[in-house]
Chemist: 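Before I ask anything, here is the structure I am working with.
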2 protein chains.
Amino acid sequence: MASRRHAIADDLRSRIADGRIKPGGRLPSEAQLAAHYAVSTPPLRNALALLQAEGLVEKIHGKGNFARQPLRRTTYVGGGRTPARTPLPVSIRTTWLRARGHLNALLGVPPGSPVTEFFCVSHDGKSPHSLARIYVPRDLAPAAAPDASPWPQEVASLLAGPLPQLTKVQENVHVRLPTPSEAATLRISSTLAVLAITRVATDITGRVVEVALLALPGDRAEAVFTTEHTTTERRQEG
Amino acid sequence: MASRRHAIADDLRSRIADGRIKPGGRLPSEAQLAAHYAVSTPPLRNALALLQAEGLVEKIHGKGNFARQPLRRTTYVGGGRTPARTPLPVSIRTTWLRARGHLNALLGVPPGSPVTEFFCVSHDGKSPHSLARIYVPRDLAPAAAPDASPWPQEVASLLAGPLPQLTKVQENVHVRLPTPSEAATLRISSTLAVLAITRVATDITGRVVEVALLALPGDRAEAVFTTEHTTTERRQEG
DNA sequence: CAGTGGTCTAGACCACGAA
DNA sequence: TCGTGGTCTAGACCACTGT
C-alpha cells in the first residue's frame with residue numbers, strides 16, 4: 001500500500017474531479033477531514049500537500065483549503081525578455097543598490113557597481129502569483145525614481161524602451177523550496193517547491209544587460225522553451 | 001523566529017560548509033540529532049528535508065543521512081535531442097506499445113498507433129540519477145528488438161542514427177512531486193520535487209518525431225536553455 | 001472572539017540495509 | 001539481528017482570518 005496519504009489524496013482528487021467538491025469551493029476543515037478518514041493530522045496534511053503540489057488545492061491560512069479553478073497554470077515563455085503579454089498585473093518596487101555576491105558574477109561587473117533592482121510581484125486576482133527580481137546596470141536602467149510607489153503595470157512596458165538589443169538569453173532552471181521571505185510574499189507554504197529561473201540577457205557586445213531571478217510557485221506555473229533549428233546541425237556519433 | 005527547522009537546518013548547513021561534517025560523510029542518526037537539538041522527530045526531519053531539497057544532504061533509507069559532495073548538479077541542456085555529452089551512463093529498456101491517453105495528443109497520432117518506448121535511467125555511480133521515457137513512432141524507431149536487456153550506453157548514440165532532422169524542439173518545464181513509482185526507481189523521497197520536462201521534437205514536415213518525458217530530481221539536476229536572437233526583433237509597446 | 005491552518009511533543013510501529 | 005529512516009497516533013499550543 002502506498003501510504004495512507006495517497007489513499008486520502010486519491011479520494012479527494014476524485015471528489016474534486018467529479019464535482020462533488022466544486023471548483024473554488026472550500027473543503028471541510030482539516031479536523032473534519034481527519035475525522036472522516038479516521039487519521040490524525042499529519043497524514044491528512046500530507047495528503048493535502050500532495051494535492052497542493054498538483055495545483056488542485058490551495059491552502060489559505062486562517063480560512064481553509066480550497067479546490068482550484070479548472071487548474072489554470074500560467075506559462076512563462078522563455079527565450080526573451082519578460083513578454084508583454086503577461087496575463088497578470090504586476091506590482092513593481094524600484095530600488096538602487098550596489099552589486100555584491102553572486103550578482104557580480106552574473107552581471108559581469110566589479111563589486112559595488114551600481115545597479116537598479118526591480119522587485120516585481122505578479123498578482124492573480126487578490127493573491128500574489130509569482131515573483132521576480134530583475135537587476136539592470138544603473139546606466140542602462142530607465143530613469144525612474146527609486147522607490148516609486150507600487151506601480152501596477154506590466155514589466156515589459158517599463159523595460160521595453162531604452163534598452164539595447166539583446167542577442168543572447170540564457171535561462172537556468174532549477175527547483176528549490178522558497179525562502180521564508182518568498183513564502184511569506186507569495187503566501188505559499190514553505191514546503192511547496194518553486195521553479196527558479198535565472199535569466200541572463202546579453203547584448204550584441206557581450207555585455208550583460210539584465211539578470212532576472214524568477215520564482216514561480218510550482219503549483220501554478222510552468223515554463224516553455226522553444227528552439228528552432230534553422231541550420232542543419234551535425235549529428236555527433238559515439 | 002522562522003520555525004525551529006530553519007534554525008536546525010542553518011546549523012547543519014554551516015557544519016557542512018565549514019567541513020565539520022565532511023563531504024560524503026554520514027550525519028549522526030536522526031535520533032541522535034533530535035536529542036542534540038532537543039526537538040522531536042518531525043522538526044528534525046523537516047530540517048533535513050530543507051537540506052535535502054538544497055542538495056546538501058542525501059537520505060538513504062536503512063543507512064542514514066549523508067552530506068553531499070561539493071554539490072555537483074548535473075545540467076540538462078535544452079534545445080535539442082538528449083545531448084551525447086551526457087556525463088552519466090544510462091540504462092535503457094525498450095518496449096513496444098500503442099499510444100493512448102496524453103501520448104496521442106503529444107505525438108499527434110491516432111489512438112492505438114504503434115510507438116516504441118525507451119525507458120531510460122541515468123546513473124551517478126551506483127545510485128540512479130534521473131529518468132526519461134522517450135516515445136518514438138514505431139516506423140521512426142531504430143530496429144532494435146524490444147526488451148533488449150538493460151543496455152548501458154548513452155541515449156544519443158542509440159537515437160542518433162536514422163532519425164530525420166528535427167527543426168523544432170518545444171520543452172515544457174514544470175515542478176511536481178514524483179509518482180510513487182518514480183520515487184522508488186530514483187530512490188528519492190516522495191516529498192522531493194522533481195523538474196519535469198516534456199520535450200516534443202518536430203521534423204521539417206511538422207511531424208512529431210519524439211516525445212520525451214523527463215524527471216530530474218530537484219536536488220541534483222538543473223536545466224539550461226539558451227536562445228540566440230539572430231534577427232532584430234521588434235519591441236512591443238504598451 | 002471563534003474557527004482555521006502551522007508547528008510541535010512524545011511515543012509507537014513498520015520497512016529497509018548491512019552484517 | 002540490529003540500527004537506520006518512514007509513517008503514524010493523539011494530543012498541545014501558536015498564528016492568522018473573519019466577526
Side-chain angles (χ1 to χ4, degrees), chain A residues 1-9 12 25-53 57-67 125-128 177-178 180-192 219, chain B residues 1-10 12 25-53 57-67 125-128 177-178 180 182-192 219:
Chain A
M1 186 186 67
S3 62
R4 208 163 301 194
R5 46 167 167 263
H6 288 107
I8 298 174
L12 286 171
R26 215 204 76 183
L27 276 63
S29 75
E30 299 190 350
Q32 289 173 327
L33 288 172
H36 177 259
Y37 291 110
V39 296
S40 95
T41 347
L44 180 94
R45 302 189 89 253
N46 287 335
L48 290 173
L50 293 178
L51 300 174
Q52 199 185 355
V57 161
E58 177 169 10
K59 315 193 69 132
I60 306 182
H61 192 125
K63 298 178 71 175
N65 294 278
F66 297 84
K126 295 191 305 181
S127 56
L177 296 178
S181 149
E182 288 174 336
T185 302
L186 294 172
R187 301 179 137 281
I188 58 177
S189 154
S190 62
T191 62
L192 174 71
D219 64 339
Chain B
M1 186 185 67
S3 64
R4 208 163 300 193
R5 46 169 171 262
H6 288 107
I8 297 173
D10 288 348
L12 285 171
R26 216 203 73 182
L27 277 63
S29 76
E30 299 190 349
Q32 289 172 327
L33 287 172
H36 176 258
Y37 291 110
V39 295
S40 91
T41 346
L44 181 95
R45 303 190 89 254
N46 288 334
L48 289 173
L50 292 178
L51 299 173
Q52 199 186 354
V57 161
E58 179 168 9
K59 314 194 71 133
I60 306 182
H61 192 126
K63 298 178 71 176
N65 295 278
F66 297 84
K126 295 191 304 181
S127 54
L177 295 179
E182 287 173 337
T185 303
L186 294 171
R187 302 178 137 280
I188 59 177
S189 155
S190 63
T191 61
L192 175 70
D219 65 338

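Quantities reported herein were computed from a predicted structural model and do not represent experimental measurements. Throughout, a chain's letter reflects where its sequence line sits, starting with A, and its residues are numbered from 1.
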Chemist: If every non-hydrogen atom of B/P178 is compared with every non-hydrogen atom of B/S189, which pair is closest and at what distance?
Modeler: CG-O, 3.8 Å

Chemist: Atom NE2 of B/H6 and atom C1' of C/dC8: how far apart are they, to the nearest Å?
Modeler: 15 Å

Chemist: Given atom CZ of B/F66 and atom P of D/dT4, what is their separation to the nearest angstrom?
Modeler: 11 Å

Chemist: Can you tell me the distance, in whole Å, between the CD atom of A/E58 and the P atom of D/dT17?
Modeler: 13 Å

Chemist: Is any side-chain N or O of B/R187 closer than 4.0 Å to OP1 or OP2 of C/dC16?
Modeler: no

Chemist: Within the 4.5 Å heavy-atom criterion, are A/F66 and A/V57 side-chain neighbours or not?
Modeler: no

Chemist: Is the distance from OP1 or OP2 of D/dG18 to the nearest side-chain N or O of A/K63 less than 4.0 Å?
Modeler: yes

Chemist: Let me know the distance between CG of A/L51 and P of C/dG5, rounded to the nearest Å.
Modeler: 14 Å

Chemist: Is the phosphate of D/dT7, meaning OP1 or OP2, less than 4.0 Å from a side-chain N or O of A/R5?
Modeler: yes

Chemist: Tell me the interatomic distance from B/Y37, atom OH, to C/dA10, atom P, rounded to whole angstroms.
Modeler: 18 Å

Chemist: With nearest nucleotide decided by heavy atoms, which residue, B/L27 or A/N46, maps closer to the 5′ end of DNA chain D?
Modeler: B/L27

Chemist: Establish, with yes or no, whether the OP1 or OP2 oxygen of C/dG5 is under 4.0 angstrom from a side-chain nitrogen or oxygen of A/N65.
Modeler: yes

Chemist: Can you identify which nucleotide, out of D/dG5, D/dT7, C/dT4, has its nearest atom closest to the B/S29 side chain?
Modeler: D/dG5

Chemist: Of A/P42 and A/I60, whose nearest nucleotide on DNA chain C comes first from the 5' end?
Modeler: A/I60

Chemist: Check this for me, if you would: do B/E30 and B/K59 make a salt bridge, where the nitrogen-to-carboxylate-oxygen distance has to be below 4.0 angstrom?
Modeler: yes

Chemist: Closer to the 5' end of DNA chain D via nearest nucleotide, is it A/H61 or A/S40?
Modeler: A/S40

Chemist: Of all the nucleotides listed (C/dT7, C/dG11, C/dT9), which has the minimum atom distance to the side chain of B/T41?
Modeler: C/dG11

Chemist: When the distance from NZ of B/K59 to P of C/dG17 is rounded to whole Å, what number comes out?
Modeler: 15 Å

Chemist: CG of B/L33 versus C1' of D/dG5: gap in Å, rounded?
Modeler: 12 Å

Chemist: Starting at CD of B/E30 and ending at P of C/dC14, how long is that distance when rounded to a whole Å?
Modeler: 19 Å

Chemist: The side chain of B/P43 lies closest to which of these nucleotides: C/dT7, C/dT9, D/dT4?
Modeler: C/dT9

Chemist: Check whether more than 12 heavy atoms from other residues, nucleotides or ligands sit under 6.0 Å from atom CZ of A/R187, and answer yes or no.
Modeler: no

Chemist: If you look at every strand shown and take non-hydrogen atoms under 4.0 Å, does B/A183 touch a base, only sugar-phosphate, or nothing?
Modeler: nothing

Chemist: Out of the candidates A/L27, A/L51, A/L12, only one should pair with A/N65 under the side-chain contact (heavy atoms from CB on, under 4.5 Å) rule; please name it.
Modeler: A/L27

